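As structure tokens, the structure follows; a few thoughts come after it.
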Amino acid sequence: MAFLARLTQRLFHPHTDGHDLTTNLDDPINLPNLPRMPTPILELKHVGCSKAKGQPIFTNVNFTVNEGDVVIFQGKSGSGKSTLLKCLAHLNLYEGEILYRGSTPVSHGIPSFRTRVLYVPQRPSLLPGTPRDFINTVLSFKSLDPKNKGNEHNPTGPFDPYTEPIAIGKEWGVDEELWDRTWTNLSGGEAQRIALAIAVGIRSADILLLDEPTSALDADSSIRVERFLTDAVRAKDGGLSALVWITHSAEQGGRVGTRFLRIAGGCVQEERPDLGV
Ligand SMILES: Nc1ncnc2c1ncn2[C@@H]1O[C@H](COP(=O)(O)OP(=O)(O)OP(=O)(O)O)[C@@H](O)[C@H]1O
């Protein structure tokens with residue numbers, strides 16, 4: 001009530017000295033705690049994508065990913081999940097509009113956009129050279145500031161982007177010697193954890209687009225990775241604000257997801273958690 005009285009006084013009686021009020025008008029007005037609107041990171045408006053011969057994979061997809069979301073994306077094999085993630089990362093042609101923090105990918109600059117909206121593929125073993133070569137290549141990109149200075153989403157200060165991925169890999173049971181082995185000579189699970197550790201460890205991403213990120217992992221390793229990623233979003237460690245996560249595992253979706261999308265028959269729909277996975 002005191003707050004309302006002071007606000008009314010300021011709005012309607014700005015020239016009175018307020019001595020008749022119990023509070024001093026020179027005090028700052030503290031607004032009551034109102035519920036915060038979620039901040040949109042990605043907005044999809046009427047997004048569609050077709051196969052080369054013009055056959056649609058999906059049409060008129062509309063949804064928003066907000067800060068703190070872990071969006072589980074499910075659907076049958078071949079329904080278009082990977083294709084939609086690639087559209088989100090501007091790696092596939094699409095129709096309609098995708099906005100990242102209110103602006104088009106082009107206005108952010110595509111290379112810079114792709115380091116912020118980072119797609120992590122299902123099969124990193126197709127990469128040339130070794131994981132350490134890959135880190136060196138990625139960190140040589142002009143669009144990526146190696147220390148991420150000036151990155152408003154990385155408030156945690158200096159870190160070493162060359163060693164951070166290796167440290168994360170160790171937490172996930174990846175020996176350091178594997179970073180010097182060619183991708184083709186790593187097991188599926190090793191390559192998958194290393195690719196993810198790089199994606200998280202270089203701290204460029206605002207949102208990670210994860211294409212079945214633990215499909216090659218055993219249950220224990222999978223849970224370790226899940227915890228790390230969801231904790232990172234909650235704590236905003238390394239600047240990570242949200243995840244979009246394709247999985248075929250209903251159990252995994254239930255463990256990590258905060259929102260649930262399903263693609264079927266070329267349409268994407270949000271499901272309530274209790275109806276979803
Ligand atoms: N480059 C391409 N050219 C032509 N068709 C493609 C191409 N990429 C994907 N497709 C087709 O688009 C459809 C959707 O493929 P997509 O990989 O997105 O499915 P998915 O839901 O991720 O499947 P999965 O769960 O098996 O990984 C499939 O019919 C696939 O064959």
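This structure is a prediction, so every number in the text was calculated from the model and none was measured. Counting starts at 1 for both ligands and their atoms, following the listed order.
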Heavy atom of protein closer than 4.0 angstrom to atom 28 (C) of ligand 1:
yes

Measuring from the heavy atoms of Glu212, does anything fall under 4.0 Å of ligand 1?
yes

Just go through Lys76, Lys51, Gln74, Gln55 and tell me whose heavy atom is the nearest to atom 5 (N) of ligand 1.
Lys51

So which heavy atom in the protein is nearest atom 21 (O) of ligand 1, and how far is it from that ligand atom?
Lys81 NZ, 2.8 Å

Tell me whether atom 3 (N) of ligand 1 lies less than 4.0 Å from at least one protein heavy-atom position.
no

If we ignore angles and hydrogens, is there a donor and acceptor under 3.5 Å between the side chains of Asn136 and Tyr162?
no

Pick whichever of Thr83, Leu85, Leu84, Thr247 has a heavy atom sitting closest to atom 9 (C) of ligand 1.
Thr83

Rounded to the nearest 0.5 Å, the CZ atom of Arg101 sits from the CD1 atom of Ile41 at a distance of 4.5 Å

Qualifying residue, where the test is side chain to side chain contact (heavy atoms under 4.5 Å, CB included) with Val61 and the options are Ile98, Val268, Ile263, Leu261:
Val268

Which of parallel (below 30°), tilted (30 to 60°) and perpendicular (above 60°) describes Tyr100 and His108?
tilted

Pairing donors with acceptors under 3.5 angstrom, does anything connect the side chains of Glu212 and Trp245?
no

Identify, by atom number and element, the atoms of ligand 1 in contact range of His248, meaning under 4.0 Å from any of its heavy atoms.
25 (O)

With no hydrogens and no angle check, just 3.5 Å: does a side-chain donor-acceptor pair link Asp211 and Ser82?
yes

Atom 10 (N) of ligand 1: closest protein heavy atom, distance to 0.1 Å, is Ile57 CD1, 4.6 Å

Do me a favour and list the nearest non-hydrogen protein atom to atom 26 (O) of ligand 1 with residue, atom name and distance?
Ser77 OG, 2.5 Å

Kindly state if atom 31 (O) of ligand 1 has a protein heavy atom within a strict 4.0 Å cut-off, that is, under 4.0 Å?
no

Can you tell me the protein heavy atom closest to atom 23 (O) of ligand 1 and the distance?
Gly78 N, 2.8 Å

Which residue pairs pass the ring-ring contact (aromatic ring centres under 6.0 Å, His included) test when at least one of the two sits in residues 39-82, sequence neighbours left out?
none

Could you check whether atom CD of Gln269 has more than 12 heavy atoms from other residues, nucleotides or ligands sitting under 6.0 Å from it?
no

How far apart are the closest heavy atoms of Ala89 and Tyr119, and which atoms are they?
CB-CB, 3.8 Å

Quick one: does atom 18 (O) of ligand 1 have a protein heavy atom under 4.0 Å from it?
yes

Under 4.0 Å, counting heavy atoms only: does Ser79 come that close to any atom of ligand 1?
yes

Looking at ligand 1, would Ala52 count as a contact under a 4.0 Å heavy-atom criterion?
no

Under 3.5 Å, side chain of Arg181 to main-chain N/O of Thr130, donor-acceptor pair present?
no

Return yes when at least one protein heavy atom is under 4.0 Å from atom 13 (C) of ligand 1, and no when none is.
yes

